[in-house]
Visitor: 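Shown below is the structure under consideration.
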Protein chains: 2
Amino acid sequence: MSGSAAGPSGPIRLLLADDQALVRGALAALLSLEPDLTVVAEVGRGDEVVPEARRTAPDVALLDVEMPGLDGIAAAAALRTALPTCRVLVVTTFGRPGYLRRAMEAGANGFVVKDTPARQLAEAVRRVHAGLRVVDPTLAAETLATGASPLTERETEVLRAARGGGAVADLAGVLHLSEGTVRNHLSAAIGKTGARNRAEAVRIAEQNGWLLGG
Amino acid sequence: MSGSAAGPSGPIRLLLADDQALVRGALAALLSLEPDLTVVAEVGRGDEVVPEARRTAPDVALLDVEMPGLDGIAAAAALRTALPTCRVLVVTTFGRPGYLRRAMEAGANGFVVKDTPARQLAEAVRRVHAGLRVVDPTLAAETLATGASPLTERETEVLRAARGGGAVADLAGVLHLSEGTVRNHLSAAIGKTGARNRAEAVRIAEQNGWLLGG
DNA sequence: GACGGCCCCTGACAAATGTCACGGCCGGAA
DNA sequence: TTCCGGCCGTGACATTTGTCAGGGGCCGTC
């Protein structure tokens with residue numbers, strides 16, 4: 001394959017985090033085909049990343065974004081502070097602009113969507129390990145075009161709560177706000193997203209990756 | 001690994017269909033580790049399944065449900081009629097009751113969610129190839145409990161159109177119905193799903209896998 | 001200190017949404 | 001045949017939702 005032998009310090013040690021066991025195992029098989037890579041740890045939850053990394057001391061961590069316990073972005077941030085020498089490559093299903101932005105702010109070294117050809121993954125790992133940044137250029141452009149979230153903290157919070165599809169009264173109860181206030185925040189969010197609807201606003205915000213966390 | 005050598009008729013020939021190239025390639029790597037399995041085709045769209053299967057004559061096809069062009073269930077049905085001897089194993093991200101039901105009705109021989117351990121996939125392929133049915137028992141029970149979709153054809157159609165978050169007027173335009181009729185179908189769907197909302201009804205129906213096709 | 005931005009609340013109004021009672025159509029049961 | 005039940009379509013009606021114009025409080029920066 002690509003011309004890389006195991007360096008003088010031995011093969012690159014990898015940690016894999018993905019909530020789908022089948023995908024996790026398949027990625028492990030794929031990466032294990034490369035002689036200079038070795039998978040030393042696998043986890044299925046975001047909150048298991050740091051403990052497992054402490055135990056196994058990987059060189060590079062591949063983190064999915066959508067995970068129970070802790071999303072991959074938050075796990076990346078935690079990993080950066082816990083093991084600063086460990087590089088982070090975020091591997092996600094959805095190429096959402098906000099995801100990339102948040103990942104970079106969290107200190108990730110690379111960002112790859114699951115649409116990329118399988119052959120390129122190992123090369124991305126090597127680049128990240130070498131200290132380079134790896135980012136899908138198309139997605140990077142889109143991220144710059146979309147810009148950061150225009151939503152205020154309260155507005156995102158209300159939109160997040162509105163994902164379930166509950167009525168205003170329900171949201172007001174959960175968030176401990178007046179109904180009028182909830183309506184106001186929703187209205188602001190609808191305006192900022194350019195939506196015509198509460199439902200559409202939720203959809204747009206979600207697609208842009210503005211609803212992470214919480 | 002598991003005690004299975006290549007049979008007298010050679011290794012089992014596989015076709016992989018998944019829209020995420022990385023996952024597809026990783027699955028290929030995983031399955032290629034087994035000496036009695038060989039991947040002869042990979043496609044990223046549902047409507048490429050049958051043509052590619054005609055060309056390569058696989059023994060077993062692994063189909064993802066969420067795919068562009070044609071969903072995995074519909075592709076399974078098409079494959080059953082085009083190549084009746086080819087077995088079908090549906091591999092999906094979401095273990096939705098309706099998916100399993102529809103897959104079985106479409107003639108699939110097995111149904112596996114991506115949460116299952118990687119080691120079990122090869123075994124599932126062998127079982128399906130041997131003519132056995134492979135179904136996650138937990139999911140099967142849930143499917144029986146949930147029952148078939150209570151929604152009428154029109155109701156599902158309207159709910160599907162409502163996913164985008166558009167207003168009643170928009171839906172009426174797309175479906176060529178009166179606004180009152182659309183509202184009526186939505187109301188019925190809300191009642192049958194036990195939702196309090198159009199948005200909630202969409203969520204529930206989607207989670208149960210009642211919105212496939214179209 | 002004055003200003004601006006964000007947050008929280010309120011009340012009123014127009015527009016969209018959800019509910020209901022109704023009629024027509026079709027296919028199976030009596 | 002007649003009846004019944006399900007699905008489809010429609011329009012009237014009450015409720016909810018989204019918008020707007022306010023008000024006050026809490027930070028920060030200038």
Side-chain angles (χ1 to χ4, degrees), chain A residues 98 101-102 105 147-208 210-214, chain B residues 98 102 147-208 210-214:
Chain A
R101 178 179 300 274
R102 302 274 305 262
E105 289 170 1
S149 171
L151 300 175
T152 199
E153 190 179 346
R154 252 337 193 212
E155 286 158 4
T156 52
E157 201 172 340
V158 173
L159 265 196
R160 254 200 299 267
R163 275 184 300 190
V168 172
D170 306 339
L171 309 189
V174 174
L175 301 170
H176 306 291
L177 293 178
S178 142
E179 297 194 15
T181 305
V182 171
R183 270 207 282 271
N184 255 345
H185 286 306
L186 283 174
S187 184
I190 290 171
K192 289 182 181 177
T193 53
R196 304 179 84 57
N197 240 339
R198 173 192 319 191
E200 202 180 349
V202 168
R203 200 171 50 77
I204 292 174
E206 210 158 38
Q207 281 178 359
N208 285 331
W210 293 338
L211 261 39
L212 263 189
Chain B
R102 303 274 305 261
S149 171
L151 300 175
T152 200
E153 190 178 346
R154 261 313 200 227
E155 286 158 5
T156 50
E157 203 172 339
V158 173
L159 264 195
R160 253 200 299 266
R163 275 184 300 190
V168 172
D170 305 340
L171 309 190
V174 174
L175 301 170
H176 305 291
L177 292 178
S178 141
E179 298 195 14
T181 306
V182 171
R183 273 205 286 277
N184 201 5
H185 285 307
L186 284 174
S187 183
I190 291 171
K192 288 181 181 177
T193 53
R196 305 177 83 56
N197 240 341
R198 173 193 320 193
E200 202 180 348
V202 168
R203 200 171 50 76
I204 292 174
E206 209 158 37
Q207 281 178 358
N208 284 331
W210 293 339
L211 259 41
L212 262 190

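The model shown is predicted, which means the values in this text are computed figures rather than measured ones. Each chain gets a letter, A, B and so on, in the order its sequence line appears, and its residues count up from 1.
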Visitor: Only one of B/His185, B/Lys192, B/Arg160 clears side-chain hydrogen bond (donor to acceptor under 3.5 Å, both in side chains) with B/Glu155; which?
Guide: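 The passing option is B/Lys192.
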Visitor: 5'-most contact on DNA chain C: A/Arg183 or A/Lys192, nearest heavy atom basis?
Guide: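 Its nearest nucleotide lies further toward 5', so the answer is A/Lys192.
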Visitor: Nearest whole Å is fine: how far is D/dT17 P from A/Glu200 CD?
Guide: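 Result: 17 Å.
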Visitor: Do any N or O atoms from the side chain of A/Thr193 and from the backbone of A/Ala189 form a donor-acceptor pair under 3.5 angstrom?
Guide: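 Between the backbone of A/Ala189 and the side chain of A/Thr193 there is a qualifying donor-acceptor contact (under 3.5 Å).
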Visitor: 5' to 3' on DNA chain C, which nucleotides open and close the contacts with chain A (atom under 4.0 Å from a heavy atom)?
Guide: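 Reading along DNA chain C, I get C/dC6 to C/dT10.
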Visitor: Nearest whole angstrom, please: distance from the C1' of D/dA12 to the CD of B/Glu179.
Guide: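 Distance, rounded to whole Å: 14 Å.
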Visitor: Under 4.0 Å from OP1 or OP2 of D/dG9: is there any side-chain N or O of B/Ser178 that close?
Guide: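 No, no such contact exists.
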Visitor: To the nearest Å, how far apart are B/Glu157 CD and D/dC8 P?
Guide: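 B/Glu157 atom CD is separated from D/dC8 atom P by 9 Å.
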Visitor: Could you state the CZ-P distance from B/Arg198 to D/dT15, rounded to the nearest angstrom?
Guide: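 Going from B/Arg198 (CZ) to D/dT15 (P), I get 19 Å.
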Visitor: From CD of A/Glu153 over to P of D/dC27, roughly how many Å is that when rounded to an integer?
Guide: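 Rounding to the nearest Å, CD of A/Glu153 and P of D/dC27 are 15 Å apart.
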Visitor: Between D/dA21 atom P and A/Asn184 atom CG, what is the distance in whole Å?
Guide: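 From A/Asn184 CG to D/dA21 P: 12 Å.
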Visitor: Between P on D/dT17 and NE2 on A/His185, what's the gap in Å once rounded to a whole number?
Guide: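 Rounded to whole Å, this separation is 16 Å.
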Visitor: Hey, what do you get for CZ (B/Arg203) to CG (B/Asn208), rounding to the nearest 0.5 Å?
Guide: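 The CZ atom of B/Arg203 sits 10.5 Å away from the CG atom of B/Asn208.
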